[in-house]
Amino acid sequence: MAIAAALLLAGCGGGTQIDTGNGKAVPLTKEQTRKTLPDGGAMTGWKASIRPASVKMDKLYRSAACPIKDNAGCDSSRFYGTSAFRRDDSAAVTTFLIVAYDSEQAAREAYDVLWNYYGKKTGPRARRFSLGPIGEKRDARIGPSGFHGETGAITQVRVGTTLLWTVTDSTGKDNNAVTEDSARDLATLLAKRARQAQNGDTPSVTL
């Protein structure tokens, strides 16, 4: 689903709080949403397959980002964005996803609703693992998810007014292509870039 969403967009061309000077996380603009997504310069050792793109949330994109009854989880969402990469030295592929909301409360209320969906994408035999202290809330699972049991990992993090996902899969039988450490690094990268954007800075964190 994440890869399909990335292709669709490409066709359209317990942590700390955000420090914005007033103690509140701010909603992102469409351009800030796009810049939050890692680009080729941020992804050392990876090759871009889908360039960062963001779109205004509408009925079509609510169906892509929140493909559950009544598109629950997309209430008060503003923008949806994605980028995707393939690792140079392994069979790993990863997709970054972001949904930007009107407020922290909207993102907070959407978190569990969407994790109930996204958290199942790695299959029934996946296990949870820790991402460490990134964002205000975070979850992660890893396990056999491919047709031949290839390892996949998914992470979800809330940073202020945004929900963020990384979806990483292996296209081969190399069980070391996707690991807890690599998934944690990717989730941390995206979370730090989201924090920079909400601080009013240009996201610049790299792997």
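- Residues Leu163 and Leu97 fall within the same hydrophobic cluster, defined by Ile, Leu, Val, Met, Phe, Trp and Tyr side chains chained together at heavy-atom separations under 4.5 Å.
- Without hydrogens or angle criteria, Arg87 side chain to Ala92 main chain gives no donor-acceptor distance under 3.5 Å.
- We find the CZ-CG distance between Arg62 and Asp70 to be 12.0 Å, quoted to the nearest 0.5 Å.
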Query raised in the report: Going through the checks in order, is the side chain to side chain contact (heavy atoms under 4.5 Å, CB included) test met by Arg195 and Ile134?
Result: CA-CA 10 Å; Arg195 196 171 297 284; Ile134 62 174; over 6 Å; no
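- Residue Ala110 comes nearest to Gly73 through the heavy atom pair CB-O, 3.3 Å, listed as atom of the first residue, atom of the second, then distance.
- A salt bridge is defined here as a Lys NZ or Arg NE, NH1 or NH2 lying under 4.0 Å from an Asp or Glu carboxylate O, and Glu109 with Arg158 fails to meet this definition.
- Side-chain atoms of Ser170 and Thr151 include no donor-acceptor pair closer than 3.5 Å.
- Val167 and Tyr111 fall within a single hydrophobic cluster, where Ile, Leu, Val, Met, Phe, Trp and Tyr are joined by side-chain heavy atoms under 4.5 Å apart, directly or via other members.
- You'll find the side chain of Met57 reaches within 4.5 Å of the side chain of Val99, heavy atoms only.
- Of the inter-residue distances, the one linking Asp39 atom CG with Arg34 atom CZ reads 8.5 Å to the nearest 0.5 angstrom.
- Put simply, the residue from Pro67, Cys66, Cys74 that forms a side-chain contact (heavy atoms from CB on, under 4.5 Å) with Leu114 is Cys66.
- Annotation for Gln198 and Thr162: closest pair NE2-OG1, 3.5 Å, computed over non-hydrogen atoms.
- One N or O on the side chain of Thr171 and one on the backbone of Ala91 form a donor-acceptor pair closer than 3.5 Å.
- Taking each heavy atom of Val178 and Ala153 in turn, the nearest pair found is CG1-CB, 3.8 Å.
- In this structure, the side chains of Thr36 and Leu190 come closer than 4.5 Å at one or more pairs of heavy atoms.
- With rounding to the nearest 0.5 angstrom, the CE atom of Met43 is 5.0 Å from the CG atom of Leu186.
- Between Asp181 and Arg184, some side-chain heavy-atom pair lies under the 4.5 Å cut-off.
- Put simply, the side chain of Phe79 reaches to within 4.5 Å of the side chain of Lys56, judged on heavy atoms.
- Put simply, CH2 on Trp165 and NZ on Lys121 are 12.5 Å apart, with the number rounded to the nearest 0.5 Å.
- Here CG of Leu37 is found 8.0 Å from CZ of Arg193. Values are rounded to the nearest 0.5 Å.
- Shown here is Gln105, whose CD atom has no more than 12 heavy atoms of other residues, nucleotides or ligands within 6.0 Å.
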Requested in this report: In sequence, state the C-alpha distance, the side-chain angles, and the governing distance for Ile154 and Trp115, and then conclude on side chain to side chain contact (heavy atoms under 4.5 Å, CB included).
Outcome: CA-CA 10 Å; Ile154 186 162; Trp115 180 244; 4.1 Å; yes
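- Closest non-hydrogen pair, Arg141 versus Thr122, comes out as NH1-OG1, 3.3 Å.
- Side-chain atoms of Gln196 and Thr202, non-hydrogen and from C-beta on, never get closer than 4.5 Å to each other.
- Considering every non-hydrogen atom in both Val205 and Ala42, the closest pair reads O-CB, 3.8 Å.
- The closest donor-acceptor contact from the side chain of Asn199 to the backbone of Asp201 lies at 3.5 Å or more, if one exists at all.
- Of the inter-residue distances, the one linking Phe96 atom CZ with Leu189 atom CG reads 5.5 Å to the nearest 0.5 angstrom.
- When all heavy atoms of Ile142 and Thr179 are compared, the pair lying nearest together is CD1-C, 3.7 Å.
- Counting heavy atoms from C-beta on, the side chains of Ile50 and Thr95 never come closer than 4.5 Å.
- Tyr118 and Asp139 are not linked by any side-chain donor-acceptor pair at a separation below 3.5 angstrom, with hydrogens and angles left out of the test.
- Side-chain contact between Lys35 and Leu28: absent, with no pair of heavy atoms (C-beta onward) separated by less than 4.5 Å.
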